[in-house]
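Below: one structure, written as C-alpha cells.
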Amino acid sequence: MSRIAEAILRDGTKLPYVVTDNPPSGTMKHTYFSPDKSYVVQFFNDADMGRNMYTRDRISAIIGKYNPTVPEEKGGAKGNTKKLAEYFSGLFCWPVEIVVAPEFGIVCPAYPQNYFFDENSANVSGLNLKGKDKKSRWFTSSVRKYLNNAEFGNFKSMLKISILLARAVRRMHSAGLAHSDLSGNNVLIDPKTGGCVVIDIDSLVVPGIYPPEVAGTKGYIAPEVVDSAKYPYGDKRRCQPCIETDLHSMAVLIYEYLFKRHPLEGKMRFPQFEAEEEDNLLMGKYALFIENPDDTRNRPDDLIIKVSDFGEYVEKLCLQAFVDGLHDPKKRPTAMDWERGLIKTWEMLYPCENRECGAEWFILYDEKNPVCPYCHSRIKSRQIVKFLFKKEINGRKGQWVQYGETVVYDKMPLYAWHVYSDIFDDEKADRDEIAYIVKNNDKWFLVNKKANGMRSEDGRIIPIGESVLLKNGDFFRISENNNGSLIEVSIRQG
Amino acid sequence: MADFNRRLPVYLLIDCSGSMRGERIEAVKQGIRSLVAELRSDPQALETAYLSVITFSSTAKQVEKLTELMLFEEPEFVTEGATMFGRALQLLIDCINTEVRKSTETQKGDWKPLVFILTDGSPSDIPDFKRCAEILKNMPIANIVACAAGADAKTEYLKMITDNVLMMNSLSAGDMAKFFAWVSSSIKMTSNKVDLNKGIVIPPADSNGFQFVE
C-alpha cells in the first residue's frame with residue numbers, strides 16, 4: 001500500500017513523495033521516492049538526530065557553502081563553476097534541500113538508472129536484484145559469484161572507477177570535509193560503464209561543527225579508530241573519523257576494485273580470542289597488509305595478482321597506504337596522490353590481445369616483458385610504442401624536459417592533457433578527442449581529428465582528417481599554442 | 001582465493017503451537033520469505049548471515065539447519081498442541097554448541113549469533129524453560145530479541161531470557177511484515193556495522209510501529 005505525502009522545505013515549498021510500508025532503510029535513514037523517481041526524501045531512523053541543532057547546522061552547510069554539485073552563483077561551493085558543478089553531480093549524490101515537516105529530513109537527487117541492477121543482473125534463481133542499488137560490495141566480495149558476467153566490466157573500467165573515487169574524495173578533502181563512512185555500501189559503482197557515485201553525504205564531518213558518532217562499516221574503519229574504540233565517547237584517546245581515516249577507507253576500496261580482495265583479510269589468526277575481539281585485532285592494533293613485503297604472516301597462499309603487477313605507481317601507493325601508513329595516518333597517500341598515481345597508471349593501459357581474457361586490459365609497465373598478468377598472454381606484435389611528453393623549461397627557450405609518457409595502442413584517443421603540458425586529466429579538462437592512433441600493417445599513424453597546427457617531424461602541417469606516420473625517435477607537436485607539448489616517439493621491440 | 005569469511009549465525013525460534021494455526025502461521029511464513037529475499041539483496045548480509053529455524057509445539061525441532069542464504073529453503077511449519085518453549089531453548093543451546101564455529105589456526109570463528117523468538121503464548125514446560133533461560137544467559141550470544149505477539153503472549157517469561165522484549169498487539173499479516181522487516185534490518189546492521197563499544201547495533205523499533213517492553 002502506498003500513498004502520496006508532502007515534504008515541506010525551509011522556504012515552504014511542498015514536495016510530494018510516495019510513502020510505502022517498510023521503505024528501504026540504511027543504518028541512519030530511510031528513503032522514500034518522489035512520484036517520478038527523480039529525487040528521494042530521506043528521514044532519520046532516530047528522529048532525535050533531526051532535533052539536534054548540530055545536525056541541522058551541519059546539513060545546512062553541506063547543502064550550501066560546501067556543496068560542489070551546485071555552482072557558486074546558485075549557493076554552492078566557493079569558486080564552483082557550472083561546468084564543475086555538473087561534473088561533480090555525477091560523482092556524488094549530494095543532498096540538495098532540508099525538509100522541515102512532517103519531520104526533519106533531506107532531499108537528494110536519485111542516482112542514474114545505471115546504478116540500479118535490472119532483472120538480468122543475477123545469475124541464480126531466488127535472487128531478485130531488480131531495482132537494488134549497485135553497492136561496490138557486490139562486485140568485490142565473494143557474492144560476485146551470483147552476478148551475471150555482463151555486470152563486471154573489465155580492468156579498465158575498474159581502474160576508471162578508482163580514479164573517479166580518488167577524485168571525488170580529493171574534492172571533499174580539499175574543502176576540509178571528511179566523508180567519515182566511506183565503504184562498500186556508500187560508494188555505488190557501475191563497472192559496465194566505469195562510473196561511481198558517493199552516497200550518504202549527510203554524515204560528512206564539516207570543519208568546526210561537532211562530528212557525528214558514525215559507527216563505521218566493517219572492513220573499512222581505519223585501524224586507529226578500531227583500536228581506540230575501547231575508550232568511551234569524549235575520551236581524548238578515542239580517534240574520530242577525519243580526513244586521514246577516510247584515506248584508509250578509500251585505499252581499501254580502491255584496492256578492492258583493482259584486486260577483488262580485501263587488503264587486510266589474510267591468513268593471520270588469533271584463535272585464542274573470540275571472533276569479535278579477534279576481528280578488532282586483525283582490523284585494528286595488529287592489522288597487517290596481506291602483501292606486506294617484510295612480514296608474510298598474513299599472506300594468503302593463493303595470491304596471484306600482486307601490487308607490482310600494475311606498475312610502480314600502484315605498488316608505491318599501496319605500500320604507502322597499507323605498510324607505511326597503516327598504523328601511521330600521516331603517512332597515508334592523499335586522495336590527490338592516488339588520483340595522480342592512478343592516472344599515470346591509466347597511461348600505461350594496453351588492450352590484452354587474448355579475446356578470451358576477462359580483464360581485457362592490463363598495465364604495460366615492463367617493456368621487456370609485456371604480458372597480461374591475468375591470462376599470461378604476451379603481446380604478439382612485440383612492438384611497443386610510447387609517447388614521451390616534454391615541456392619547455394621556464395625561461396629557457398628551446399630547452400625541453402620530459403614530464404610524462406603514455407603507452408600507445410591501436411585506436412587510442414588523445415586528449416587535451418596529451419597535447420598541452422599545462423592541462424591535467426581532471427574535472428577541469430576538456431574531454432573532447434583531439435587526435436587518435438591507427439595501426440595498419442605494423443605501421444603506426446597519428447590522425448588529426450581537431451588540432452589546429454599539428455606538425456610532422458619535418459615541419460609539415462597535418463590538416464584535420466589527415467595522418468602522419470610515426471617513427472622511432474620522431475619529435476612533433478600537436479599544437480603550436482603556448483604549452484603545446486613536444487612529443488617524442490619511442491618504438492621498441494618488446 | 002580461500003574463504004576467509006566469518007559467518008553471522010541467526011536463529012529464528014517460531015512458536016508453532018495450536019493457536020498459531022491458520023492465518024497466523026501463514027503470516028509468519030510470508031514474513032520469513034520476505035526476510036530471506038531482503039537479506040539476499042544486501043551484499044554483506046548475503047555474504048555473512050546464515051539462517052536456522054527452530055519450531056516448537058508439543059516438541060521442538062530444528063526444521064532448517066544453519067544454512068547460507070542462497071541455499072535456504074522454506075521449512076515446513078506444522079502447528080499443533082502445546083508450547084514446549086523450554087525444549088526449544090534446550091535445542092537452541094545444543095545447536096549453538098554444535099553449529100557455531102570457533103576460531104582455529106586455519107579458520108575464522110563465527111560472529112556471536114543473533115536469536116529472534118516469536119511466540120503467542122506462554123511455556124507449557126515452565127521448569128525446563130527456567131533452567132534453559134539460566135543457561136542461555138551465559139552463552140556467547142550477541143543478542144536475543146523476543147517478540148510477544150497477540151493478547152495471550154506472556155512477556156514475563158520472555159523477560160527471563162532477554163531484556164529485549166517486543167510487544168505486538170496482533171498477528172496480522174501487516175504487523176508480521178513489519179516485525180520481519182525489523183528483524184531484517186537488525187541482521188543487516190549487525191553484518192555491516194560495528195558499534196565498537198557494544199559490539200552490536202539494533203535499530204530502533206518505534207519507527208516500525210511496535211515497542212520494546214520496559
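We name chains A, B, ... by the order of the sequence lines, and we start the count at 1 in each one.
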Checking A/Ile304 against chain B: side chain, backbone, both or neither under 4.5 Å from a heavy atom?
neither
Ring centroid separation for A/Phe139 and A/Tyr257, is it under 6.0 angstrom?
no
Interface residue of largest heavy-atom contact number with chain B, from A/Asp279, A/Asn185, A/Leu282, under 4.5 Å:
A/Asp279
Sidechain N-carboxylate O distance under 4.0 Å for A/Lys134, A/Asp190:
yes
Okay, A/Leu127 and chain B: the region with an atom under 4.5 Å from a heavy atom over there is both
For chain A, find which of B/Thr104, B/Asp42, B/Val36 contributes the most heavy-atom pairs closer than 4.5 angstrom.
B/Thr104
What part of A/Thr140 gets closer than 4.5 Å to chain B, counting heavy atoms only: side chain, backbone, both or neither?
neither
Toward chain A, the part of B/Ser184 with a non-hydrogen atom under 4.5 Å:
neither
Using heavy-atom distances under 4.5 Å, tell me whether A/Gln272 contacts chain B through its side chain, its backbone, both, or neither.
neither
Does A/Tyr111 have its ring centroid less than 6.0 Å away from the ring centroid of A/Phe116?
yes
Chain A contact via B/Gln107 - which portion, at a heavy-atom distance below 4.5 Å
backbone
So, are B/Arg131 and B/Asp128 salt-bridged, with charged N and O less than 4.0 Å apart?
yes
Compute the centroid of each ring, for B/Phe180 and then for B/Phe116, and state whether the two points are separated by less than 6.0 Å.
no
Between B/Glu73 and chain A, with a heavy-atom cut-off of 4.5 Å, which part of the residue counts as in contact: side chain, backbone, both or neither?
neither
Ring centres of B/Tyr11 and B/Tyr50 under 6.0 Å apart?
no
Chain B contact via A/Asp133 - side chain, backbone, both or neither, heavy atoms under 4.5 Å
neither
Salt bridge A/Asp118-A/Lys130, side-chain N to carboxylate O under 4.0 Å
no
Ring centroid separation A/Tyr255 to A/Phe322 under 6.0 Å
yes
Heavy-atom contact with chain B under 4.5 Å, split by part of A/Phe273:
backbone
Identify which part of B/Ser41 has an atom lying under 4.5 Å from any heavy atom of chain A, answering side chain, backbone, both or neither.
both
